[in-house]
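Have a look at the structure below before the remarks.
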Amino acid sequence: MYLHIDMDYFFAQAEEIRRPMLKGKIIIVCVYSGRTEDSGVVSTVNYPGREIGIHSGMPIAFAKKRAPPADSVFLPVDREYYAELSFSIDAIIRGRCAKAVQASIDEWNVEDEGGEAKARELKEAIKQGVGLMCTIGVAPSPLGAKMAAAKAKPDGLLVLDKDSERKFIEGSLVEKVPGIGPKTAAALNEVGVEKVRDIRKLDPVMLAETFGKKSGAWLHALGSGVYGEGIGEEKEQEEVSRIGTLKEKTRDGYMILAKLSELEKDARDWLMEMKKSYKTMGIIFVTDDLKTHTKSMSFRNPRTWSEDLTKEKEALVNEFLSENPLEVRRVGIRFGNFMDLGGQTTLF
Ligand code: DCP
Ligand code: CA
């Protein structure tokens, strides 16, 4: 069976758990562009906000018109914090499932014999481990699992067998199928196809001519009840970062550097294992007001996992402390801009 795990209203739920006093409020997480105070778009919103029509991608100014000020909180995105949570969830899933692939910051595809029992175990472990709820779809195909998860949100679990999967997918509107974009859906509607089961009426040659060979064949298979298999491949990682919380808030450069060295070791192990060299190194600082700041530097020549960076780290930390008056709560280190160390296995 395939499992699709999708975190519920992820960025907004992440904000809820670190600010329990916000319980019951409308939480709108925003990407501020900085042009004017309200420039930018909504990244995501919790369910009370969805109920009054606020959604991802909506201009912040529109959301402000809908949100009652006394019950609403607008917060800036804190990607480092969400990435840290995502990393912990990934570890929880991989610890319990041999075949797992992360599909986005808050979605995973898993192939596992455990089916429903495994899904319950994962929901519980994620709740215990990071305090977040998710929805899991379980089905004989990865497509069925993903669509089941979308249907069962929030905090849901929907298990489909071969028959119910087919009924469910065939009865779905084509625009609800992952992989069918708005343009394709409109073109299908145009020729009288509303639901997946209607695709069967279309000639496969016509499908290939209209949508191209590959997409045409995929649509034809979909209409015929063939939903594919496999959890896909891991996306190539573009950076490695490790973030951690300091024992106490501080402005002491030595304490910050000591924590960084600890985190750095893990990131370096990853670089060594993956045979990557990097051209940028960055340090992440989360200050007492929960804002995230980064300082980074680039190198003309790629560096390997084993090269010392003491001086560079000191320079970045001092620069940061001289520019920012607040205490630091969390720090992280990031290596990016990778090059493969192809074949140079002797190095290791
Ligand atoms: N996101 C974003 N802008 C978008 C869509 C999403 O910044 N237009 C971010 C915020 C989301 C996260 O990506 O929390 C995950 O996206 P999802 O589409 O999975 O949406 P949510 O997790 O917020 O909601 P749901 O419970 O419907 O999955
Ligand atoms: Ca989600």
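When a residue number appears, it is its place in the shown sequence, counting from 1. Keep in mind that the numbers below use all heavy atoms, side chains included, and drop hydrogens, waters and symmetry copies. Every number for a ligand or one of its atoms is a count from 1 in the order of the listing.
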- Item | Aromatic ring pairing Tyr82/Phe11, orientation class (parallel under 30°, perpendicular over 60°, tilted between) | parallel
- So, is Met7 placed with an N/O/S atom under 3.0 Å from the Ca ion (ligand 2), counting both backbone and side chain? yes
- the Ca ion (ligand 2) - closest N/O/S atom in Asp6: OD1
- Query: What protein heavy atom sits nearest atom 6 (C) of ligand 1, and how far away is it?
  - Reply: Ser43 O, 3.9 Å
- Message: Strictly below 4.0 Å, N to O, side chains only: are Arg18 and Asp78 in salt-bridge contact?
- Response: yes
- A student checking ligand 1 against Met7 at a 4.0 Å heavy-atom cut-off should list atoms 22 (O), 26 (O), 28 (O)
- Should the heavy atoms of other residues, nucleotides or ligands under 6.0 Å from CZ of Phe299 be counted, would the total exceed 12? yes
- Identify which of Val45, Asp106, Thr135 has a heavy atom lying nearest to atom 16 (O) of ligand 1. Asp106
- Query: Aromatic ring centroids of Trp270 and Tyr278 under 6.0 Å?
  - Reply: no
- Could you check which of Lys153, Arg50, Gln13 puts a non-hydrogen atom nearest to atom 24 (O) of ligand 1? Arg50
- Task: Indicate whether the side chain of Ser306 and that of Thr304 have a donor and an acceptor atom separated by less than 3.5 Å.
- Result: yes
- Count the heavy atoms belonging to other residues, nucleotides or ligands that lie under 6.0 Å from CD of Glu323, then report whether that count exceeds 12. yes
- Item | Distance filter under 4.0 Å to Tyr9 heavy atoms, resulting ligand 1 atoms | 21 (P), 22 (O), 23 (O), 24 (O), 25 (P), 26 (O)
- Message: Check this for me - ligand 1, Phe10, N or O atoms closer than 3.5 angstrom, yes or no?
- Response: yes
- To which of Thr44, Asp155, Ile105, Asp8 does the heavy atom nearest atom 11 (C) of ligand 1 belong? Thr44
- Message: I need the nearest protein heavy-atom contact for atom 12 (C) of ligand 1: residue, atom name and distance, please.
- Response: Phe11 CE1, 3.9 Å
- Query: For ligand 1, which atoms sit closer than 4.0 Å to a heavy atom of Ser56?
  - Reply: 4 (C), 5 (C), 8 (N)
- Task: Could you tell me whether Arg120 and Glu116 have a side-chain N and a carboxylate O separated by less than 4.0 Å?
- Result: yes
- Please confirm whether Val42 comes within less than 3.5 Å of ligand 1 when only nitrogen or oxygen atoms on both sides are compared. no
- Here the atoms of ligand 1 under 4.0 Å from any heavy atom belonging to Asp6 are 19 (O), 28 (O)
- Query: Would you say atom 26 (O) of ligand 1 has a protein heavy atom nearer than 4.0 Å?
  - Reply: yes
- Output, in order, the C-alpha distance, side-chain angles, deciding distance and verdict of salt bridge (Lys or Arg N to Asp or Glu O under 4.0 Å) for Lys146 and Asp6. CA-CA 8 Å; Lys146 191 170 163 85; Asp6 184 344; over 6 Å; no
- Query: Of all N/O/S atoms in Asp106, which lies nearest to the Ca ion (ligand 2)?
  - Reply: OD2
- Message: I'd like to know if Asp163 pairs up with Lys167 as an ion pair, taking the criterion as any Lys NZ or Arg NE/NH1/NH2 lying under 4.0 Å from an Asp or Glu carboxylate oxygen.
- Response: no
- Item | More than 12 heavy atoms of other groups within 6.0 Å of Lys153 NZ | yes
